[in-house]
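Have a look at the structure below, then the notes.
For the numbers below, each heavy atom of this structure counts, side chains included, while hydrogens, waters and symmetry mates do not. Computed from a predicted structure; not experimentally measured.
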Amino acid sequence: MKNFFPWLLMILLPLAGHAQLKKDAPTVLITGANRGIGLELAKQYAGLGWNVIATSRHTAGDAALAALDALAARHPQVAIEKLDVTDSVGIRALAEKYRGQPIDVLINNAANVEATFAADMAAASLPFEKLDFDAARRDFDVNTLGAMRVAQAFEPNVLASKQKKIVSVTSSAGSFGRPIPNGVALNYGASKAALNKYMVLLSIQERPKGMIVALVQPVFVASKADLANMKGADPLDREIGKLIKVIDGMTLDNASGKITNFTTGKIDPF
């Protein structure tokens, strides 16, 4: 009998993170869910009664997870999981943990950005002469390949669901048709342009399976503390409410392989 408990624990541990997910509710998985857009998505989906798998690269007990911990305390169907989108082994391990769990909406939100808008602008304003190629590699690893790693690992979960949606948050910084003036955000913009291309190609491959692979972006949303009172920045809760409605209305024809601007509700150019 003394060896029975460790054996039982090994079986039950993989189920611990989603033991309270409701069987009759849709499920969303969100990357980068500990702050900004990701956190607000987790809050609003939880408020709508969805199962929420909220992921972050931070480990349990980290102060960065305080808001998510509070959310999970209020909503038992919120599972908080460690997920670094640059870690292929870790991503596959989490996918194995949730094997058989349908995921209606997978939202690739994690991005390599700074904690404040001011710091983002400082990094984005670096001229070509000071381009940091190591930083560029990090942007591509997180913003581009990170989304593809997650999509690949959780594809079976999404295909097993009713809604079958993979949604990636992009940026106008990656647009060819409507580029940001002055050519700023070289690394970040290039990584988002690559994300757009990957998702368009993925949408073509997944269409016969009935999967919607879409991109979304805002105009200017107050996703960081120093944006809260900035002129022209739309309130985070209002914009995420719009985003959730956009995702809810997505079909293969109106959204798959396209960028929907959730501020305007219109399709944006690549």
_Gln217 (side chain) donor-acceptor with Phe262 (main chain) under 3.5 angstrom_ = no
_Sub-4.5 Å side-chain heavy-atom contact between Val28 and Asp104_ = no
*For the pair Thr170 and Asn196, evaluate side-chain hydrogen bond (donor to acceptor under 3.5 Å, both in side chains) and give the outcome as yes or no after the intermediate values.*
CA-CA 7 Å; Thr170 187; Asn196 295 346; 2.8 Å; yes
*Is a side-chain N or O of Ser172 found less than 3.5 angstrom from the main chain of Ser175, in a donor-acceptor match?*
no
_How long is the straight-line distance from NZ of Lys258 back to NZ of Lys266, given to the nearest 0.5 Å?_
15.5 Å
*Look at the side chain of Thr144 and the backbone N and O of Asp141, then say whether any donor-acceptor pair between them is shorter than 3.5 Å.*
no
*Give the C-alpha distance, both sets of side-chain angles, the deciding distance and a yes or no for salt bridge (charged side-chain N to carboxylate O under 4.0 Å, His left out) between Arg238 and Asp234.*
CA-CA 7 Å; Arg238 187 176 72 191; Asp234 294 322; 3.3 Å; yes
*Taking the side chain as every heavy atom from C-beta outward, state whether Ile267 and Thr260 have any atom pair closer than 4.5 Å.*
yes
Validation: residues 45-54 side-chain donor-acceptor distances under 3.5 Å, sequence neighbours left out:
{"unit_1": "Asn51", "atom_1": "OD1", "unit_2": "Lys22", "atom_2": "N", "d": "2.7"}
{"unit_1": "Asn51", "atom_1": "ND2", "unit_2": "Lys22", "atom_2": "O", "d": "2.8"}
{"unit_1": "Asn51", "atom_1": "ND2", "unit_2": "Ala25", "atom_2": "O", "d": "3.4"}
{"unit_1": "Asn51", "atom_1": "ND2", "unit_2": "Thr27", "atom_2": "OG1", "d": "3.2"}

*Do Asn143 side-chain atoms and Lys192 backbone N/O form a donor-acceptor pair below 3.5 Å?*
no
*So which heavy atom on Arg178 is nearest to which on Pro269, and how close?*
NH2-CD, 3.6 Å
*Is there side-chain contact between Arg207 and Leu252, with heavy atoms separated by less than 4.5 Å?*
yes
_Chi angles and distances behind the side chain to side chain contact (heavy atoms under 4.5 Å, CB included) call for Leu236, Ile37_ = CA-CA 7 Å; Leu236 179 61; Ile37 289 175; 4.1 Å; yes
*Quick one: which residue pairs count as a salt bridge (Lys or Arg N to Asp or Glu O under 4.0 Å) with a foot in residues 150-175, not counting sequence neighbours?*
Glu155-Lys209
_Quick check: do Thr55 and Ile30 have side-chain heavy atoms less than 4.5 Å from each other?_
no
_Is a donor from one side chain sitting under 3.5 angstrom from an acceptor on the other, for Asp139 and Asn112?_
yes
*Mind checking the CE-CD1 spacing from Met199 to Ile166? Nearest 0.5 Å is all I need.*
7.0 Å
*Determine, stepwise, if the pair Ile107 / Ile247 fulfils side chain to side chain contact (heavy atoms under 4.5 Å, CB included).*
CA-CA 10 Å; Ile107 303 178; Ile247 293 173; 3.9 Å; yes
*Are side-chain heavy atoms of Glu81 and Lys97 found at a separation under 4.5 Å?*
yes
*Lys/Arg-Asp/Glu bridge criterion (N-O < 4.0 Å) met for Asp248, Lys245*: no
*Closest non-hydrogen atom pair, Pro156 against Ala153*: CD-O, 3.6 Å
*Just one of Leu195, Val213, Val216 clears the side-chain contact (heavy atoms from CB on, under 4.5 Å) bar with Ser168, so which one?*
Leu195
*Looking at residues at least two apart in the chain, or sitting in another chain, which of them share a side chain to side chain contact (heavy atoms under 4.5 Å, CB included) with Ala66?*
none
_Phe270 and Val200, any side-chain heavy atoms less than 4.5 Å apart_ = yes
*When you look at Arg35 and Leu65, which way does the side chain to side chain contact (heavy atoms under 4.5 Å, CB included) test go after all the steps?*
CA-CA 8 Å; Arg35 66 180 183 181; Leu65 296 178; over 6 Å; no
*Given Ile240 and Leu243, is the side chain to side chain contact (heavy atoms under 4.5 Å, CB included) satisfied, shown in steps?*
CA-CA 5 Å; Ile240 298 311; Leu243 173 54; 4.2 Å; yes
*Could you tell me the separation between the CG atom of Asn108 and the CE atom of Met148, rounded to the nearest 0.5 Å?*
9.5 Å
*Evaluate the side-chain proximity of Arg149 to Asp87: yes if any heavy-atom separation is below 4.5 Å, no if none is.*
no
*asked:* Distance check, rounded to the nearest 0.5 Å: Asn261 atom CG versus Asp268 atom CG?
replied: 4.0 Å
_I need the minimum non-hydrogen distance between Ala135 and Asp132, along with the two atoms involved._
N-OD1, 3.0 Å
*Of Thr31, Asp62, Asn34, which is the lone residue that meets side chain to side chain donor-acceptor pair (under 3.5 Å) with Ser56?*
Asn34
_Nearest atoms (heavy-atom pairs only) where Gly257 meets Ser203_ = CA-OG, 3.3 Å
_Least distance between heavy atoms, Gly232 atom then Phe220 atom_ = O-CD2, 3.5 Å
*Is the backbone N or O of Leu41 less than 3.5 Å from a side-chain atom of Asn109, with the two atoms forming a donor-acceptor pair by type?*
no
*asked:* The criterion is side chain to side chain donor-acceptor pair (under 3.5 Å); which residues satisfy it with Lys242, sequence neighbours excluded?
replied: Glu239
*To the nearest 0.5 Å, what is the distance between OG (Ser256) and CG (Leu215)?*
9.5 Å
*asked:* Contact between Arg138 and Thr86 at the side-chain level, heavy atoms closer than 4.5 Å - yes or no?
replied: yes
_Shortest non-hydrogen contact from Pro235 toward Val221_ = O-CG2, 4.4 Å
*By ring pair (Phe, Tyr, Trp, His ring centres under 6.0 Å), which residues pair with Tyr188, not counting sequence neighbours?*
none
_Measuring from atom CD of Gln44 to atom CG of Leu71, what distance do you get when rounded to the nearest 0.5 angstrom?_
11.0 Å
*Same cluster or not: are Leu159 and Leu94 linked, directly or through other Ile, Leu, Val, Met, Phe, Trp or Tyr residues, by side-chain heavy atoms under 4.5 angstrom apart?*
yes
*Quick one: which residue pairs count as a ring pair (Phe, Tyr, Trp, His ring centres under 6.0 Å) with a foot in residues 129-182, not counting sequence neighbours?*
none
